[in-house]
Every structure is written in C-alpha cells, then in structure tokens.
Amino acid sequence: MSTKEIVYDSKVEGEIVVTRADAVVNWIRQHSVWPMPMGLACCAIELMATAAPKFDISRFGMEVMRFSPRQADCMIVAGTVTYKMAEVVRRIYDQMGDPKWVVAMGACASTGGMYRSYAVLQGVDNIIPVDVYVSGCPPRPEALLDAMIKLQDKIGREPSVRNLRKSQGIASVA
Amino acid sequence: MDEELAQRLVERFAFLSKRTSKDCLSYFCPPENLVELATSLRDREGFEMLVDLTALDWGQENSPRFTTLYHFYSLALKIYLRIACDCPCNDKPDVPSLAAIYPAADWHEREVFDMFGITFAGHPNLKRILMWDEYPYHPLRKEFPLAGIETPLPAPDVVEVTNVSVKPAPMMGGPFVSPAEGNVSESEPRAKDESWTEEVEKTL
Ligand code: SF4
C-alpha cells in the first residue's frame, strides 16, 4: 500500500475516518454522475446501447439519465449540433447546476464531423466547455464508457474544495 | 394503363404539356391552373396521395429559373404522376399552394420556401421549417455556397457569452461528390475542392 494513501485502522481510530475533503467530495461526485442525454442524431442510438444491459453504464454509477438539466451534472452531447440547436444546447447547459461536465460524443459533436455545411456548428466546444471528446462515427459504447471513466479520473483530480470556496466567495486557507 | 390515363388527362386539361421523362407520366402545368388540376386529380382521377413536393433551381442565368415539382400517386391505379410547374417570376418566384387540397403539401411547401425562397400563395402558415426564422438566405439556391455564409445567431444572450456565429464551414478539400455520368467504376466520389473557406490558404 502506498504511503500516500490514508488508511483506516479501526483498532486505533474507532469510528473515525481520516481523509482529505477533496478526496471525499470527488469520490462522491465520481461515482454518482447523472448524465443528461443530449441525443441529437445517430450517436444517441449508441448512447442508448451504452445505457442498456449489455454495456451497462450503471456499473460506473451513471445509469440515472436525467432529461431535466436541473437534475443532471454531465451533459453527453451525442449527435450533430446544428446552428439552430446550438442555442438550445447552451441554454440547457446553463440550466445545469454546478459542478457540471460535458462529453462530446462522436465526430459531429467534437468537430462537426462529416457535415461541412451551412447548417452545422463545427464542434460543440464553440458554445460550451467540453471535458472529454470521443472519436468515432458513431463511437462504440465501449468508447463512450472509456470516456466516462476518463471523466471520472478527471473529476477525481479536481480541487473541489477550493472550487467550492471560490464559488462561495470564501478566501482560500491553503 | 399509363396511356389511358395520359389520353384522358390531355383531353380534359388542355393546358397540360408533355414533359420528357424516363419513368412516370410527366407534364408541365401553368401555375394558374395548378389548383384546378390538383383538385380534379384528387376528386376525379383517384390520385389520393401527394407523395412528394420539391423544386428545382436551374441557375441564375436561366429563365424560368425555378420549377416546382409534384409527385402524385394513385393507390387504386398504382401510378405515379409528375407535374412540373415553372415559376413565372425569377426574382420573386410564386406559385399557388396545394395545402388546402393535399394537407401533405403544407410542410413540403414550407421546406421549399425555406430552401429555395419560393412563396406559395394561399399557404396557411408559410414560414421556415428547417432554418431559423431570421435566417437571411435560401440554402439550396445555386448561388449559395455549401459551406455557408457568415450570419449572426438569433440568440443575443448566447452570442454574448459564447461569441459564436454561423461561419462558413471548412471544406477540407471537399465536398466529395460523384460525377453524374459514366460507369460506376469511374464515378467514384472525388474532391470538388472548395477549400477557399479555410482560414489558411492551401498550398500545393
Ligand atoms: S458522429 Fe456519426 S454517428 Fe455520430 S451523430 Fe455524427 S454522423 Fe451520426
């Protein structure tokens, strides 16, 4: 066991667990990601497959797909974002409570994909900050799961407490 | 069956003129007779379906520039009938709406209006169906570039935070299209190279 890890010894500590606030907060956030399925085109079919039993996204604690942005914290943009839809995507993103993350699933959401045309936004990162991009047209469910695991890692590295203090206007102690 | 119908149509509607076609029966109809024709097709000839409604842009240099196309189908006769209608005015193309006769025409006419800017007189709700209402162009017109033209987005508050606008898409050497003629083996999709939209000029 690495020396960095904080180990709980019940004989010494009784009913007390010692850890860092960041570790607890991130651990909770990591394992209860509530995705907002922003299914806009064909990629959404693979997103559905990911949620279905065969690929089973609930193994990672993310099966609670919410169609209300108020209850979701990770937007999975699965599909072609047209300019007409861009405004809606941004508004839904704005309605999600902090902290929130975005996964751009597939070529279309990442770059506009094969739609080099007057109607398609060339990458959803033009309107919202993206945390993880998934390549593929469409990406296989495994690829999306991989991206979600990467997102979990990313969440695990966040300075959550500092961010929280910042958002509340409290000066950082450290 | 086709000949019988052709005979009957030409006899009954003197304004129809034959249009060359490789598949189904096809006629030109002047716009002023379109409603009359469609009504009779539905009520007397048994064409209960309007299966398709679209338009053609022959290019700015041609007159008539726009032609609207209608495909009717008779379930009883199992026959398709194509009617083409040349729009009289090239700048403000306008044809009568068939939405009151065939409800299917409603959204199709809105699409044609959206893409070609052809107006349909008598349409109950002629507004854009695919692009947003404020969009200034008609994208399927010949002079409109596939990549698009810089246009502001219709949501000022979103634009304020994201600074996004409709920009010409990078064509990356494309679009990749097949030449219309020739053997399939020779008509593989190839680059038409419209990369002039890219920010950095391409060097060969
Ligand atoms: S990336 Fe491919 S599969 Fe996904 S929305 Fe675009 S075209 Fe469809």
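What's counted below: heavy atoms across the whole structure, side chains too, no hydrogens, waters or symmetry copies.
- Partners of B:C85 by side chain to side chain contact (heavy atoms under 4.5 Å, CB included), not counting sequence neighbours, listed by chain and number: B:P31, B:L34, B:T68, B:Y70, B:V95.
- Expressed to the nearest 0.5 Å, how far OG1 of B:T162 lies from CG of A:L121 amounts to 9.0 Å.
- Shortest non-hydrogen contact noted between A:S117 and B:A169 is N-CB, 3.6 Å.
- With a 4.5 angstrom heavy-atom cutoff, B:Y137 does not touch chain A via any of its atoms.
- With a 6.0 Å radius and a threshold of 12 heavy atoms from other residues, nucleotides or ligands, A:K166 has its NZ atom at or below the threshold.
- Contact between A:Y83 and B:K167 at its shortest, heavy atoms only, is OH-N, 3.3 Å.
- The closest side-chain heavy-atom distance from B:L146 to A:R116 is not below 4.5 Å.
- Neither the backbone nor the side chain of B:N163 comes within contact range of chain A; no heavy atom of the residue lies under 4.5 Å from a heavy atom of that chain.
- Within the structure, every pair that satisfies the side chain to side chain donor-acceptor pair (under 3.5 Å) test and touches residues 140-153 of chain B, not counting sequence neighbours, is listed here: B:R65-B:E143, B:E150-B:S165.
- Residues of residues 117-130 of chain B lying under 4.5 angstrom from chain A, judged on non-hydrogen atoms, are B:I129, B:L130 in numerical order.
- With a 4.5 Å cut-off on non-hydrogen atoms, B:V161 touches chain A through its side chain but not through its backbone.
- B:V166 touches chain A through backbone and side chain together, each having a heavy atom under 4.5 Å away.
- Looking at A:Q122, the atoms closer than 4.5 Å to chain B (heavy atoms on both sides) all sit in the side chain, from C-beta outward.
- Taking a 6.0 Å sphere around CZ of B:R44, one finds it holds 12 or fewer heavy atoms contributed by other residues, nucleotides or ligands.
- Applying the side chain to side chain donor-acceptor pair (under 3.5 Å) test to pairs two or more places apart or on separate chains, those with a residue in residues 92-102 of chain A are A:R90-A:D94, A:W101-A:E158.
- Inter-residue side-chain proximity for B:M131 and A:Y118 is flagged as met; some heavy-atom pair is nearer than 4.5 Å.
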